[in-house]
**Q** 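Here it is: the structure, laid out below.
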2 protein chains.
Amino acid sequence: MPLSSSLIARAALELGDRDGPAAMSMRRIAADLGCDPMAIYRHFPNREALLDAVADLALAEVAAPDPAAGWDSRVREILTSARAEALRHPGIAAHIASRPPLGANGLRLAASLNGALAEAGLSPSGVVHAAQALIAYVAAALAMANQAGVRDARWSQVSSAMIGLPGSELPVVGSVEQFEYGLRLLINGIRAEVS
Amino acid sequence: MPLSSSLIARAALELGDRDGPAAMSMRRIAADLGCDPMAIYRHFPNREALLDAVADLALAEVAAPDPAAGWDSRVREILTSARAEALRHPGIAAHIASRPPLGANGLRLAASLNGALAEAGLSPSGVVHAAQALIAYVAAALAMANQAGVRDARWSQVSSAMIGLPGSELPVVGSVEQFEYGLRLLINGIRAEVS
DNA sequence: ACCTGAACACCGTTCAAGT
DNA sequence: ACCTGAACACCGTTCAAGT
């Protein structure tokens with residue numbers, strides 16, 4: 001079986017799913033494939049390019065939103081699904097967060113998002129601005145969910161000290177609830193923008 | 001001059017300002033200080049703890065917002081200033097984005113932000129949710145601004161292809177304008193939440 | 001007891017040597 | 001011409017040896 005870029009990316013994605021982000025090194029991916037590390041460089045110019053491909057692959061199963069739904073629930077669907085898919089792939093989630101992929105799947109999502117925002121009544125440049133704000137927010141929520149184990153402790157301590165809420169009632173940083181709250185704020189904000 | 005944790009953090013911040021994030025390794029920081037790399041471990045348990053300290057230091061000069069201003073412009077002031085201060089320190093900006101610091105300065109900012117949000121009329125748990133959404137957004141905007149050189153090309157290509165706008169009129173990813181647009185959406189969203 | 005630096009177990013990538 | 005793997009220039013951190 002000859003190496004190909006999609007075969008490498010696919011193997012790397014699965015390796016990351018199993019062993020986490022620490023496994024996503026050129027050397028370990030090569031070992032997993034049973035090839036020389038340098039063989040990968042025949043298909044990708046460098047590690048970042050490989051990770052970009054893996055990241056885009058991880059978004060392959062993001063569902064297309066119901067076209068009959070309103071623009072706001074379509075936006076919510078796309079972004080919620082993208083977040084969930086990214087979190088299903090722990091090896092590459094951090095990379096998606098730091099560099100939203102613009103491969104075939106990323107482009108499909110961006111087009112879908114732009115369509116919904118245009119339908120909301122935003123101007124063309126408003127669509128671009130709003131899409132970037134939404135993508136930035138999803139990326140950040142992803143980064144937080146990704147290291148939630150570490151951050152929860154820090155943040156609930158801070159929040160409970162400052163707000164006086166019992167820790168158990170605090171939202172988990174990076175939780176779905178927190179994510180959806182911020183998404184609602186942004187969608188409310190877009191609605192205010194066009195009304 | 002004996003080593004101390006604040007002396008180390010201060011030197012690391014300046015080194016990063018000069019030589020960028022690649023210079024923020026234990027070995028290079030130690031070389032800059034003229035000490036053994038292991039000497040740093042007598043003051044910080046590991047590299048992440050050192051970077052957390054440096055990150056908090058970078059936020060030292062974020063201005064306290066005018067207390068007479070409305071909650072919305074206070075929120076805007078705090079976050080705009082935090083973003084600007086972080087970007088003034090290229091060595092640590094990416095770390096701030098991935099792990100909003102909770103040292104003395106981070107706590108001061110968080111308290112300030114929470115105060116403004118409480119005044120907006122949010123419930124205690126709404127304050128926590130909204131603060132986290134805002135911090136996540138700033139972190140993401142920071143991450144994008146930080147690698148803007150690379151991303152601009154990717155995104156303007158995509159956006160102009162999909163929206164049909166000339167590339168020159170597109171917002172630069174990670175620009176102040178883009179940042180402020182998203183911030184306005186979130187603040188609009190908060191206003192909608194409490195009305 | 002304290003401190004140092006050699007050593008360990010890794011990296012991404014270059015490049016010369018082999019086929 | 002193609003491919004391999006040794007080598008380069010790094011990492012963060014451990015730990016044994018020195019003072």
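Just so it is clear: chains get the letters A, B, ... in the order the sequence lines come, proteins before strands, and each one is counted from 1.
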**Q** Could you give all pairs that pass the ring pair (Phe, Tyr, Trp, His ring centres under 6.0 Å) test and reach residues 173-195 of chain B, with sequence neighbours left out?
**A**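 Qualifying pairs: His129(A)-Tyr181(B), Tyr137(B)-Phe179(B).
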**Q** Does Glu180(B) have any salt bridge (Lys or Arg N to Asp or Glu O under 4.0 Å) partners at least two apart in sequence or in another chain, and if so, which?
**A**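 Result, salt bridge (Lys or Arg N to Asp or Glu O under 4.0 Å) vs Glu180(B): none returned.
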**Q** Under 3.5 Å, side-chain donor or acceptor atoms of residues 78-86 of chain B against the rest of the protein: list the pairs with distances, not counting sequence neighbours.
**A**
residue	atom	partner	partner atom	Å
Thr80(B)	OG1	Arg76(B)	O	2.6
Ser81(B)	OG	Ala63(B)	N	3.4
Arg83(B)	NH2	Gly174(B)	O	2.9
Glu85(B)	OE1	Arg88(B)	NH1	2.8
Glu85(B)	OE2	Arg88(B)	NH1	3.1

**Q** Applying salt bridge (Lys or Arg N to Asp or Glu O under 4.0 Å), name anything that partners Asp52(A), two or more places apart in sequence or on another chain.
**A** Arg99(A)
**Q** Do Leu134(B) and Leu183(B) pass the side chain to side chain contact (heavy atoms under 4.5 Å, CB included) test, and can you show the C-alpha distance, the side-chain angles, and the key distance before you say yes or no?
**A** CA-CA 8 Å; Leu134(B) 287 164; Leu183(B) 198 49; 4.0 Å; yes
**Q** Take the protein atom CD1 of Ile40(B) and the nucleotide atom P of dT4(C), then report the distance between them rounded to whole Å.
**A** 12 Å
**Q** Mind checking side-chain contact (heavy atoms from CB on, under 4.5 Å) for Ala118(B) and listing every partner two or more places apart, or none if nothing turns up?
**A** Val127(B)
**Q** Using a 4.0 Å heavy-atom cut-off to protein, can you give one letter per nucleotide of nucleotides 12-19 of chain C, 5' to 3': B if the base is in contact, S if only the sugar-phosphate is, - if neither?
**A** BBB-----
**Q** Can you tell me the distance, in whole Å, between the CG atom of Asp36(B) and the P atom of dT4(C)?
**A**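 From Asp36(B) CG to dT4(C) P: 6 Å.
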**Q** Expressed as a whole number of Å, how far does the C1' atom of dT14(C) sit from that of dG12(D)?
**A** 23 Å
**Q** With rounding to whole Å, what would you report as the distance between dT13(D) and dT13(C) at their C1' atoms?
**A**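 Those two atoms are separated by 23 Å.
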**Q** Which donor-acceptor pairs under 3.5 Å do side chains of residues 29-47 of chain A form with protein atoms, sequence neighbours excluded?
**A**
residue	atom	partner	partner atom	Å
Asp32(A)	OD1	Arg18(A)	NH2	3.2
Asp36(A)	OD1	Met38(A)	N	2.8
His43(A)	NE2	Leu3(A)	O	3.2
Asn46(A)	OD1	Glu48(A)	N	3.3
Asn46(A)	OD1	Ala49(A)	N	3.0
Arg47(A)	NE	Met24(A)	O	3.1
Arg47(A)	NH2	Met24(A)	O	2.8

**Q** Determine all donor-acceptor pairs shorter than 3.5 Å in which one atom belongs to a side chain in residues 186-195 of chain A; sequence neighbours excluded.
**A**
residue	atom	partner	partner atom	Å
Asn188(A)	OD1	Arg191(A)	NH1	3.4
Asn188(A)	ND2	Glu193(B)	OE1	3.3
Arg191(A)	NH2	Asp72(A)	OD2	2.7
Glu193(A)	OE1	Arg184(B)	NE	3.4
Glu193(A)	OE1	Asn188(B)	ND2	3.2
Glu193(A)	OE2	Arg184(B)	NE	3.4
Glu193(A)	OE2	Arg184(B)	NH2	2.3
Ser195(A)	OG	Arg191(A)	O	3.4
Ser195(A)	OG	Ala192(A)	O	3.3

**Q** Measure from CG on Leu3(B) to P on dC2(C) and round the result to the nearest Å.
**A**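 Roughly 16 Å, once rounded to whole Å.
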**Q** For the C1' atoms, the ones on dC2(C) and on dA17(D), what distance do you get once it is rounded to whole angstrom?
**A**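 Rounded to whole Å, the distance is 13 Å.
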**Q** Quote, to the nearest angstrom, the C1' distance that separates dC10(D) from dC8(C).
**A** 15 Å
**Q** Got a minute to check which stems DNA chain D is part of, using Watson-Crick or G-U wobble pairs under 3.5 Å, three or more consecutive?
**A**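 Consecutive-pair runs (3 or more) involving DNA chain D: C:4-8 with D:12-16, C:12-16 with D:4-8.
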